[in-house]
Amino acid sequence: CDRRGRYAPFLVFGAWLLPVALAVLALTHWNLWIATALIGISYSLVPAVMWPLASRLVAPQRLGTAIGLMWVVQNAGISGANLVAGWLNDQAGASASNPGGYTAMMVFFGAASVGGALCALVLWWNQGQRPDIGVTSQVAVEGAAHAAAPRAPSSARCCGFAFAPQSRNLKRNARISWTSHSPPPW
């Protein structure tokens, strides 16, 4: 993905492998290793594309927040899906003596995986619609221009930060930048 820069096709491929694997698992009598291998490829390909993609879609100064939000949403989804699957199994009386009770859980996971795959398709379709996608987004370009801009001599200094009026576009907003006379705290 990184060498080619084409994240969306890999994300769509990995996302569609999961519903296919669940269909193989639920609807066929094939060897379980086939479905297990497909799930393994899907579960390794999607995160391998999704996490680096965040660094291309989000401005560098917001990357930590974006990754944290992704972790929260992902783990909340995992927790919620486990609760729903357990509840569905309890309602259907799923057990070793009643394997048909797992049907509702499989339908739930199948629907959720198809929904995720459709979201990946929408992302792939929108990839060509946004000219500012990636690290070279407008925010990153303005941030780089701001970092390269000379410091205003009339800027006020406090705790290593320089406060100066914005020279372009937003004249009322203050511009905050780290000055070179002291190292950043990180």
Side-chain angles (χ1 to χ4, degrees), residues 1-18 39-85 109 111-152 155-186:
C1 302
D2 287 338
R3 290 181 188 166
R4 295 180 181 265
R6 296 184 181 149
Y7 288 81
F10 289 102
L11 184 64
V12 169
F13 177 70
W16 278 106
L17 277 180
L18 186 58
I39 290 172
I41 293 168
S42 175
Y43 280 8
S44 59
L45 186 59
V46 169
V49 173
M50 187 176 63
W51 295 107
L53 185 59
S55 66
R56 294 179 54 103
L57 297 176
V58 178
Q61 61 268 31
R62 294 194 175 142
L63 185 59
T65 303
I67 297 282
L69 184 61
M70 287 172 64
W71 273 104
V72 167
V73 170
Q74 177 182 351
N75 288 318
I78 291 170
S79 298
N82 285 333
L83 291 172
V84 170
F109 283 133
S113 64
V114 168
L118 289 174
C119 288
L121 276 174
V122 169
L123 178 70
W124 191 9
W125 181 77
N126 283 335
Q127 183 182 20
Q129 307 296 320
R130 288 184 53 187
D132 63 338
I133 203 164
V135 175
T136 58
S137 67
Q138 186 65 28
V139 173
V141 169
E142 287 177 3
H146 166 68
R151 304 285 184 246
S155 64
R157 296 184 189 277
C158 175
C159 305
F161 289 92
F163 298 86
Q166 182 81 343
S167 61
R168 300 178 297 156
N169 300 334
L170 307 171
K171 293 183 180 180
R172 293 182 183 234
N173 291 343
R175 178 176 70 187
I176 301 173
S177 64
W178 190 261
T179 61
S180 61
H181 73 274
S182 60
W186 56 87

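We use all heavy atoms of the structure for the numbers below, so side chains are in, but hydrogens, waters and symmetry mates are not.
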How long is the straight-line distance from CZ of Phe10 back to CG of Leu53, given to the nearest 0.5 Å?
12.5 Å
Determine all donor-acceptor pairs shorter than 3.5 Å in which one atom belongs to a side chain in residues 69-83; sequence neighbours excluded.
{"unit_1": "Asn75", "atom_1": "ND2", "unit_2": "Trp71", "atom_2": "O", "d": "3.1"}
{"unit_1": "Ser79", "atom_1": "OG", "unit_2": "Asn75", "atom_2": "O", "d": "3.0"}
{"unit_1": "Asn82", "atom_1": "ND2", "unit_2": "Ile78", "atom_2": "O", "d": "3.3"}

Between Ser42 (side chain) and Ala15 (backbone), is there a donor-acceptor pair under 3.5 Å?
no
Once side-chain contact (heavy atoms from CB on, under 4.5 Å) is applied, do any residues pair with [X], and if so which ones, sequence neighbours excluded?
X	answer
Ala112	none
Ile39	Leu18, Ala21, Tyr43
Val114	Trp16, Pro19, Leu118

Kindly give the heavy-atom pair with the smallest separation between Leu63 and Ser55, and that separation in Å.
CD1-CA, 3.6 Å
